[in-house]
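To start, the structure itself, in structure tokens.
Basis for what follows: all heavy atoms, side chains included, without hydrogens, waters or symmetry-related copies.
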Amino acid sequence: VMPAMGLGYSDDYSFNDRFQAYFRERAEGGVGLMIIGPIAIDKIGAAPYMPELFDDKNIESLSRFIEDAKRDTGVKVGTQLFHMGRNAFSYFTGEIPIAPSAIAGRMTGETPREMTKDDIIEVKKAFRDAAKRAVEAGFDYIEPVGCTGYLISQFLSPVTNKRKDEYGGPIENRMRFGIEVIEEIKSVVGDKVAVGIRIAGNDFLEGGHTNRESAQFAVECEKAGADAINVTGGWHETYIPQLTTNVPPGMFLYLARGIKEKVSIPVFASNRLGDPNVAEMAIRSKSADLVCWGRPLICDPELPNKVKQRRFDEIVPCIACNQGCFNAVFEGRKVSCILNPRAGRELDFPKVVKGGAKSAKKKILIAGGGPAGMEFALTAASMGNDVTLYEKDSRLGGQINLAAVPPGKGEFSNIVESLKGRMKINGVKVELNTELTPKIIEEAKPDVLVVATGAEPIEIKVPGIDKPHVVSAWDVLMDRIPNIGDNVVVIGGSATGCETAHYIATMGTSDAETLKFLLYHNAEDIEFTKELLYKTGRTITVIDMVNRMADNVGKTSRWSLMKSLRLLGVNLKPKTRLIEITDDGVVVESDKGKFTIPADTVITAVGARPVRELSDSMAGSDIEVITIGDAVETRKITEAIQEGFEKAYSL
């Protein structure tokens, strides 16, 4: 199942050409059930940049799209009906949000208006009318949103529902609104269309629902006529990571299992199931009947077909980085993907036919095997060009190899493996341990030279910087520093500095297998075992002059990183300036004055600068020179890969 996810592709509620091209490619990729949405049922509960079914405006475009997609691909098409409740933005809707109780939303900071009985009747009617239009459009499946902290779940939760009438109080009353929504939808669709509901398997909020209450609600939904239960994780406001790369694959399968044990209708499982082996396990273990691939299908629209056809080495793996998808949703940007530069831009960059453009074949040399260089090589070769990539190191990946080291980020290495596999399939020649020099270029006589030589750490000038116990974060992450002291100071509070601190802090903690063994055999009491998670054995301090640490980390990932650093006891000192490095400490200055922090290892993580020597040496050459990635300016992986793709696509 491809679940609904906000994409941000419309600014007028329309199901426009951009949406259609996006969904059509995923239908062609082999997905079984594709859920288009979320779709707004009224204006007061709508989110920005989404399609709507609160009038007849989109029925024709949806109907035409659904008919063509079903005819050509055999896909089943569903929709998700959406109401934000207290999480709606008044600046967008022009109205004060409504909710079961007047409790301010954590996401918006706005206090909603408590819904009257007339409001409740009106919203239920909006769900019913939207469902009626969905049937007219040709959908096979309809599900209201009853999860992640939106309106139905706001009624369900005692945290957000303080009503004194028949919709508040005990759980039997708090379930009433959601059940009535299902009944309203069933009243207009009958048996013509399957009706499900997407619910939180656990709110993961203090005082909210656990899996037990969620299962109780699911049982009542089945009694009300629901044909399926779509289970996801907790609310958006939770401080339990749900979607980030540090969440173990398959982690939340137990939520679906807990509900499947209580109902007789099909159950969908969600969250971190993109690895086909994990998805297969979910089905074989009978934890769920259907598996949701949301972000994995943003990343690789052909994932289902590749799995069915056993083309595993062609898979583009979702690494749960959230950089292009969920960060975009919460930052008001259009959804994209770190590994799929065409995501959401299918109309701008039509699929390249493998082996096309043979008559325009060019000889291309690429200097640098980081993400930008590898993506350029892959794209150019897939268009039929003769591509050779040179990498002076012994392995490909560039800074991705650094990004994959901190705890919970091991899946970043899948980027390299995927690009390597696809480059090989498309005939890219790779020369490792070989620096591309002007001499090699002169002898090879390429049509195009691509400079993707990346970046290198910045060297700061401060007294003591040349002392032997001062090392770079890059060297630490590449395991080039055999001895790290007990008192560590990291200079630089960006993503690299904070993640390096996280990496060092976890060196002294027990690993997952050890903790599992201790818990399984009751070898230690729970509190002592928990201490083993957080005891680092080191005193670690991160300093920077910035106001906010890890400010360049995405919105949906930063809070999780900060939480981990706090749990591990890492000291964060923003607004702190480095003055001098001594033999046993660093001298700093803040608004508290000048003081010394003990340090027997000092790690610098103060940024990087482009490596441009090759591009500078080729200035004035007759060869076409294209410089990409960090060799232009330092940037995120998303931007590097996107630039590599676009420059190659335009050849």
Side-chain angles (χ1 to χ4, degrees), residues 341-342 345 348-400 416 419-420 422-458 608-651:
R342 294 182 58 250
R345 305 192 299 168
D348 301 327
F349 299 95
K351 271 189 198 175
V352 173
V353 178
K354 187 176 180 180
K358 290 289 185 183
S359 60
K361 185 173 182 179
K362 294 183 178 181
K363 184 176 183 179
I364 300 170
L365 301 187
I366 301 173
M374 294 176 80
E375 181 64 37
F376 190 106
L378 170 63
T379 305
S382 71
M383 297 171 68
N385 295 293
D386 179 359
V387 181
T388 304
L389 185 150
Y390 292 79
E391 170 53 54
K392 66 179 182 180
D393 203 347
S394 60
R395 58 174 174 166
L396 296 171
Q399 289 187 60
I400 295 176
V416 182
L419 285 167
K420 280 170 59 177
R422 288 180 287 142
M423 286 196 309
K424 183 177 180 180
I425 290 169
N426 284 279
V428 176
K429 297 179 283 294
V430 176
E431 299 287 345
L432 295 176
N433 297 304
T434 307
E435 184 173 0
L436 184 56
T437 63
K439 182 179 178 181
I440 295 174
I441 296 165
E442 183 181 352
E443 292 174 352
K445 295 182 171 55
D447 300 302
V448 178
L449 168 65
V450 179
V451 180
T453 44
E456 61 186 8
I458 291 174
R609 69 167 191 87
V611 175
R612 295 176 177 152
E613 284 77 7
L614 181 60
S615 55
D616 290 344
S617 70
M618 296 302 296
S621 170
D622 293 334
I623 300 170
E624 180 183 358
V625 179
I626 300 173
T627 305
I628 59 174
D630 281 358
V632 179
E633 62 179 347
T634 55
R635 59 188 75 191
K636 293 182 179 178
I637 297 174
T638 310
E639 297 157 334
I641 290 179
Q642 186 168 299
E643 184 176 41
F645 166 77
E646 291 179 2
K647 294 289 188 182
Y649 192 96
S650 66
L651 286 173

Donor-acceptor pair, distance only, cut-off 3.5 Å: does the side chain of [X] make one with the backbone of [Y]?
X: N426; Y: A381; answer: no
X: R612; Y: V632; answer: yes
X: Q642; Y: P341; answer: no

From [X] atom [atom1] to [Y] atom [atom2], the distance as rounded to the nearest 0.5 Å:
X: F376; Y: M423; atom1: CZ; atom2: CE; value: 13.0 Å
X: E456; Y: Q399; atom1: CD; atom2: CD; value: 10.5 Å
X: T453; Y: E435; atom1: OG1; atom2: CD; value: 9.0 Å
X: L378; Y: R422; atom1: CG; atom2: CZ; value: 5.0 Å
X: T434; Y: K392; atom1: OG1; atom2: NZ; value: 12.5 Å
X: T634; Y: E639; atom1: OG1; atom2: CD; value: 9.5 Å

Full working for side-chain contact (heavy atoms from CB on, under 4.5 Å) between V428 and M374 = CA-CA 9 Å; V428 176; M374 294 176 80; over 6 Å; no

[X] [atom1]: over 12 foreign heavy atoms closer than 6.0 Å:
X: E442; atom1: CD; result: no
X: D622; atom1: CG; result: no
X: K424; atom1: NZ; result: no

Answer yes or no: is there a side-chain heavy-atom contact under 4.5 Å between [X] and [Y]?
X: P350; Y: Y649; result: yes
X: I441; Y: L614; result: yes
X: M618; Y: I623; result: yes
X: K363; Y: K445; result: no
X: R345; Y: E646; result: yes
X: L432; Y: S394; result: no
X: R635; Y: D630; result: yes

Least distance between heavy atoms, [X] atom then [Y] atom:
X: A455; Y: A608; answer: CB-CB, 3.9 Å
X: I641; Y: P371; answer: CG1-CB, 3.7 Å
X: L396; Y: K420; answer: CD1-CG, 3.6 Å
X: S617; Y: P438; answer: OG-CG, 3.8 Å
X: A631; Y: P610; answer: O-CB, 3.6 Å
X: G373; Y: L389; answer: O-CD1, 3.7 Å

ask   = Looking just at side-chain N and O atoms, do E375 and T379 make a donor-acceptor pair shorter than 3.5 Å?
value = yes

task = Have a look at L449 and tell me which of I366, I364, L436 forms a side chain to side chain contact (heavy atoms under 4.5 Å, CB included) with it.
result = L436

task = Carefully, step by step, assess E431 and T388 under the rule side-chain contact (heavy atoms from CB on, under 4.5 Å).
result = CA-CA 7 Å; E431 299 287 345; T388 304; 4.1 Å; yes

ask   = Charged N to carboxylate O under 4.0 angstrom, D447 versus K361?
value = no

